[in-house]
Amino acid sequence: MEKTTIESLGQFADKQVTLEGWLYNSRASGKVQFLIIRDGTGLCQCIIEKDKVSDELFEQLGHLGQESSLAVTGLVRADERSVGGYELAVTDAKIIASATDYPITPKSHGIDFLLKQRHLHLRSQGQWCIGKIRHTVIDAIRRFFNDNGFTLVDTPILTAAAGEEEQSLFEVDYFGEPLFLTQTGQLHLESAAMSYGKVYCFGPTFRAERSKTRRHLTEFWMVEPEVAFIELVGLLELAENFVSSIVARVLKDNKSQLESIGADIPALEKITPPFYRLTYTEACEILTSQRAKDFLAGQLEKFKNQKQQIESRIAQLEEEQKGQIKQWKRDKNAAELIELRSELAEVDTKIENNPKHAQLAAEFRWGKDLGGSDETIISQMHDKPIFVTHYPKQAKAFYMKTDRSNENVVLNFDCLAPEGFGEIIGGSIREDDFDRLVTRIKEQNLKQENYEWYLDLRKYGSVPHGGFGLGVERTVAWITGQKHIRQCIPFPRMMDKVYI
RNA sequence: UCCCCGAUAGCUCAAUCGGUAGAGCGAGCGGCUGUUAACCGCUAGGUUGUAGGUUCGAGUCCUACUCGGGGAGCCA
């Protein structure tokens, strides 16, 4: 009997095959059982009719627990009613290991519970889809740079010099001397760019920031390209082509996964160059403008309407529950009430945060860095990614090149994913003038002796150059429509919390 | 470091003014030949996060602690 996988069932229509996998869900209806099997490549509904198998097997399969492993043999047939378009009419099955009391049921669970069961949660459909998309994103990243003349350069994970600020680094005892886990490969990458021209590094990155939000992990994956002989305009074009190519690849390779997790496919199809371009000063004007005020007020209205609708529906259901109604209706109502109450809690949070964010935006003054909520507002006001460029010098790192036509700002950019997701890229043109760089190092009270090798790059054939870093988990979260990036890495490391 | 919210059955959540602790899912048993989170009937399942306090009486009020969620700052 030919073994195959669920994703290639289409090649075996009307043939006998064997599938090996795990029981994902099952239903029974007297003389027929429906077993949903997962094998790592997809889901397949297997039909067991009582008179097609032995009584003993029928009985065993009928009591098989979720996530039991098994091999099933049967006839492949196309059927629209089935999940993947094909189903298996089972003639024989072998239980490899039966499981009982699998903790993750097909119903809803809280996040803490799921993270504690992370080793098992990875098997569930949503996580499987996100993992497949993450795989495509990473492959698309490598493909893009490899196809465009970039050379991969692996930068060290243990670093002596701090990339930016030392308080956000994890310290490691390196034979009695302190070293730090890298938070960027950029400085090393700049030296490699002077060798190869166009380079990139791709690996894990570590930040000891005490940030407990949906956008933060302490360990995450970042890809950083660095290019010699490039100006800000060229860097933005590189970034928008890059991001667009990733989205296009996911749309091409993972349509079914995107659909399955409810991603906004039409919105993703709009992600093509050019992206929006705003200067920091323009962004600042938008935040303090009447337009932003109206926009936020409109949002608040919308949230309040949602809240009212949910509340009146809850009241209606609760009233029904008090009266004399059929048991099945009562059960349906109970399930809907639970859904509605959690929706209500979400809307309440939005209503609570809206005025705070509005105030932060209205009080925004030129010179401050853009905050998370400010980025969210700007991003919510656009349907494509936005580049925000030319930030105030004092809010940014020492290595960013000052704009020679306006010494108050630097030639940097952030790329904000649209519809409220926020920052996925940060980048800049690097200061290439030796004396200016020394001045910036001193201004920020950094020790020059730690940067001697970095300054050498400006001594020996300095050229205009720049690059950026893209966060993989933030990109995956944006593309898949996940609210929290912890679902976008298999084993998330969060502030003060590591489950497995 | 700061602000807000929460902890009740294995899981997700109810419990009005402080007055006998309840649903759904999951589990077990039974029924049904096409189910899509199937459906129907029955059964089991609880020291309400921990430690104190107020009260005739505490899931509910007060204090402390533990754990968790969201957000600010900072950032990919």
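A, B, ... follow the sequence lines: proteins, then strands. Residue 1 opens every chain. Quick caveat: nothing in here was measured; it's all calculated off a predicted structure.
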key: Distance, P atom - from B/G18 to B/U50, rounded to whole angstrom   = 22 Å
Short side-chain N/O contact from A/Arg27 to OP1 or OP2 of B/U35, under 4.0 Å: no
Separation of the P atoms in B/A27 and B/U20, to the nearest angstrom = 33 Å
The single option from A/Arg474, A/Met494, A/Glu209 that satisfies side chain to side chain contact (heavy atoms under 4.5 Å, CB included) with A/Leu217 is A/Met494
Whole-Å distance, A/Gln359 CD to B/A72 P, equals 14 Å
Worksheet entry | A/Asp39 (side chain) donor-acceptor with A/Ile6 (main chain) under 3.5 angstrom | yes
A/Gln66 CD to B/U36 C1', in whole Å, measures 15 Å
Separation of B/U36 atom P from A/Gln33 atom CD, nearest Å, is 16 Å
Please list each protein N or O that sits under 3.5 Å from an N or O in nucleotides 30-34 of chain B, with the distance.
residue, atom, partner, partner atom, Å
B/C32, N3, A/Gly30, N, 3.4
B/C32, N4, A/Gly30, N, 3.2
B/G34, O2', A/Arg81, NH1, 3.2
B/G34, O6, A/Arg77, NH2, 2.7
B/G34, N1, A/Glu87, OE2, 3.0
B/G34, N2, A/Glu87, OE1, 2.8

Note to self: Quick test of your reading of the model: are A/Lys396 and A/Asp369 salt-bridged, counting only N-O distances below 4.0 Å?
What the structure shows: yes
Query - Any A/Arg214 side-chain nitrogen or oxygen under 4.0 Å from OP1 or OP2 of B/G70 - result: no
Pair of N/O donor and acceptor under 3.5 Å linking B/G71 base with A/Ser373 side chain:
no
Whether A/Arg123 and A/Glu67 form a salt bridge (side-chain N of Lys/Arg under 4.0 Å from carboxylate O of Asp/Glu) is what I want to check. yes
Discussion item. Counting the atoms with a prime plus P, OP1 and OP2 as sugar-phosphate, which does A/Gly65 contact under 4.0 Å by heavy atoms, base, sugar-phosphate, or nothing?
Written reply: nothing
Review point. Would A/Lys384 count as a cation-pi partner of A/Phe275, with NZ or CZ less than 6.0 Å from the six-membered ring centre and within 45° of the ring normal?
Key: no
Whole-Å distance, A/Glu209 CD to B/G71 P, equals 15 Å
Rounding to 0.5 Å, atoms CD (A/Gln183) and CZ (A/Arg207) come to a distance of 5.0 Å
| request: Could you work out the separation of B/U63 and B/G6 based on their P atoms and round it to a whole Å? | output: 13 Å
Problem set entry | Phosphate contact (B/U35 OP1 or OP2) by A/Asn25 side-chain N/O below 4.0 Å | no
In whole angstroms, the gap separating P of B/C74 from CD of A/Glu423 amounts to 12 Å
Checklist entry - Between A/Arg118 (side chain) and A/Pro490 (backbone), is there a donor-acceptor pair under 3.5 Å? => result yes
Shortest non-hydrogen pair, A/Gly185 vs A/Cys201, comes out as CA-SG, 4.2 Å
- request: Name the nucleic acid region contacted by A/Glu375, choosing base, sugar-phosphate or nothing; use a 4.0 angstrom heavy-atom cut-off, strictly under.
  value: base
chi for B/C17 classified (syn = within 90 degrees of 0, anti otherwise) as syn
Can any side-chain N or O of A/Thr182 pair as donor or acceptor with the backbone N or O of A/Thr184 at less than 3.5 Å? yes
Report task. Considering only atom P, compute the distance from B/C62 to B/G68 and round it to an integer number of Å. Result -> 24 Å
A/Lys368 NZ to B/G73 P, in whole Å, measures 7 Å
Between A/Phe150 and the options A/Phe202, A/Phe144, A/Phe145, the ring-ring contact (aromatic ring centres under 6.0 Å, His included) test singles out A/Phe145
Reckon A/Arg486 has a side-chain N or O less than 4.0 Å from the OP1 or OP2 of B/G70?
yes
Would you measure the distance from the C1' atom in B/A7 across to the matching atom in B/U60 and give it in whole Å? 14 Å
Reading nucleotides 5-12 of chain B from 5' to 3' and marking B where a protein heavy atom lies under 4.0 Å of the base, S where only the sugar-phosphate is that close, and - otherwise, the string is ------SB
| said: Salt bridge check, A/Glu226 against A/Arg430: does any charged N sit closer than 4.0 Å to a carboxylate O? | reply: yes
Applying salt bridge (Lys or Arg N to Asp or Glu O under 4.0 Å) to A/Glu473 and not counting sequence neighbours gives A/Arg134
A/Leu23 atom CG is separated from B/A27 atom P, nearest whole Å, by 10 Å
Closest of B/C75, B/A27, B/C74 to the A/Asp101 side chain is B/A27
Within residues 468-479 of chain A, those residues having any heavy atom closer than 4.0 Å to RNA chain B are A/Gly469, A/Gly471, A/Arg474
(message) Under a plain distance cut-off of 3.5 Å, with no hydrogens placed, do A/Tyr280 and A/Asn412 share a side-chain donor-acceptor pair?
(response) no
When you measure from the side chain of A/Ser68 to the backbone of A/Leu64, do you find a donor-acceptor pair of N or O atoms at a distance under 3.5 Å?
no
- Message: Could you tell me how far B/G71 sits from B/G52 if I compare only their C1' atoms? Round to whole Å.
- Response: 32 Å
Quiz item: Looking for any heavy atom pair under 4.0 Å, which part of the strands does A/Leu217 touch: base, sugar-phosphate only, or nothing?
Solution: base
Rounded to whole Å, CD1 of A/Ile485 lies from C1' of B/C74 at a distance of 14 Å
Check your understanding: Will you find, in the side chains of A/Gln186 and A/Tyr399, an N or O donor that is under 3.5 Å from an N or O acceptor?
Key -> yes
Contacts of A/Lys483 meeting salt bridge (Lys or Arg N to Asp or Glu O under 4.0 Å) (sequence neighbours excluded), chain-then-number -> A/Glu346
Taking B/G41 as the reference, what is the distance to B/U47 when you measure between their C1' atoms (whole Å, please)? 33 Å
Output row for RNA chain B, stems defined as at least 3 consecutive Watson-Crick or G-U pairs under 3.5 Å, is B:1-7 with B:66-72, B:10-13 with B:22-25, B:27-31 with B:39-43, B:49-53 with B:61-65
Notebook entry, point to check: What distance, rounded to whole Å, do you find between the two P atoms, one in B/G26 and one in B/U36?
Noted result: 13 Å
* To do: Select base, sugar-phosphate, or nothing to describe what A/Lys356 touches, counting heavy atoms under 4.0 Å on all strands.
  => nothing
